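Notes follow the structure.
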Amino acid sequence: MLSTASDLVFSGGRDGNLFALDALDGKSLWHVGVGGTVSGGPITYSVDGQQYIAAAAEGVLYVFSLLK
């Protein structure tokens, strides 16, 4: 599980979904099926001011850009 300073929580599970929740009220904001168990916790990083979320599932690294 990963929480950000912008009140987002990211996690995934054995059901093959990676998801984002509002940290303040727990409301589901986004999810995507990645086709397999999400292993380990997601990470976040920034390149030239753009923030990304990365997570591994079944040997594949998925990376998503957060909207500004």
Side-chain angles (χ1 to χ4, degrees):
M1 191 170 288
L2 165 74
S3 62
T4 69
S6 58
D7 295 322
L8 298 174
V9 174
F10 292 90
S11 191
R14 288 184 264 168
D15 63 355
N17 285 305
L18 180 64
F19 56 88
L21 305 173
D22 184 310
L24 300 177
D25 63 14
K27 180 179 177 183
S28 178
L29 302 173
W30 171 84
H31 73 275
V32 63
V34 292
T37 300
V38 177
S39 53
I43 64 163
T44 184
Y45 63 94
S46 179
V47 176
D48 294 328
Q50 179 63 51
Q51 187 176 9
Y52 298 88
I53 299 294
E58 299 297 321
V60 177
L61 180 63
Y62 295 89
V63 179
F64 301 92
S65 173
L66 298 181
L67 296 176
K68 288 185 175 184

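Fair warning: this is a prediction, and the values are worked out from it, not measured in the lab. Because only heavy atoms are used, hydrogens play no part in the values below, and waters and symmetry mates are left out as well, while side chains stay in.
- Every pair passing side-chain hydrogen bond (donor to acceptor under 3.5 Å, both in side chains) that includes a residue from residues 9-23 is listed here, sequence neighbours excluded: Asp15-Asn17.
- Take Ser46 and apply the side chain to side chain contact (heavy atoms under 4.5 Å, CB included) test, not counting sequence neighbours, and it matches no residue.
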Q: Dump the intermediate steps for side chain to side chain contact (heavy atoms under 4.5 Å, CB included) on Phe64 and Leu18, then the final yes or no.
A: CA-CA 11 Å; Phe64 301 92; Leu18 180 64; 3.6 Å; yes
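- For Tyr62, the ring-ring contact (aromatic ring centres under 6.0 Å, His included) test picks out no residue, with sequence neighbours left out.
- Residue pairs meeting the ring pair (Phe, Tyr, Trp, His ring centres under 6.0 Å) criterion with at least one member in residues 39-61, sequence neighbours excluded: Tyr45-Tyr52.
- With hydrophobic clusters built from ILVMFWY side chains whose heavy atoms lie under 4.5 angstrom apart, Leu24 does not share a cluster with Met1.
- In the hydrophobic clustering of ILVMFWY residues, with side-chain heavy atoms under 4.5 Å counting as a link, Phe19 and Val9 come out together.
- Scored by the side chain to side chain contact (heavy atoms under 4.5 Å, CB included) test, Ser28 finds Leu21 as partners (sequence neighbours excluded).
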Report, one line per pair, each donor and acceptor closer than 3.5 Å where one atom sits in a side chain of residues 30-43; sequence neighbours left out.
unit_1: Ser39; atom_1: OG; unit_2: Ala56; atom_2: O; d: 3.4

Q: Show the numbers, then the answer: is there a side chain to side chain contact (heavy atoms under 4.5 Å, CB included) between Leu8 and Ile53?
A: CA-CA 11 Å; Leu8 298 174; Ile53 299 294; over 6 Å; no
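- A donor-acceptor pair shorter than 3.5 Å cannot be found between the side chains of Ser65 and Gln51.
- Val63 and Phe10 fall into different hydrophobic clusters, where Ile, Leu, Val, Met, Phe, Trp and Tyr side chains are chained together by heavy-atom contacts under 4.5 Å.
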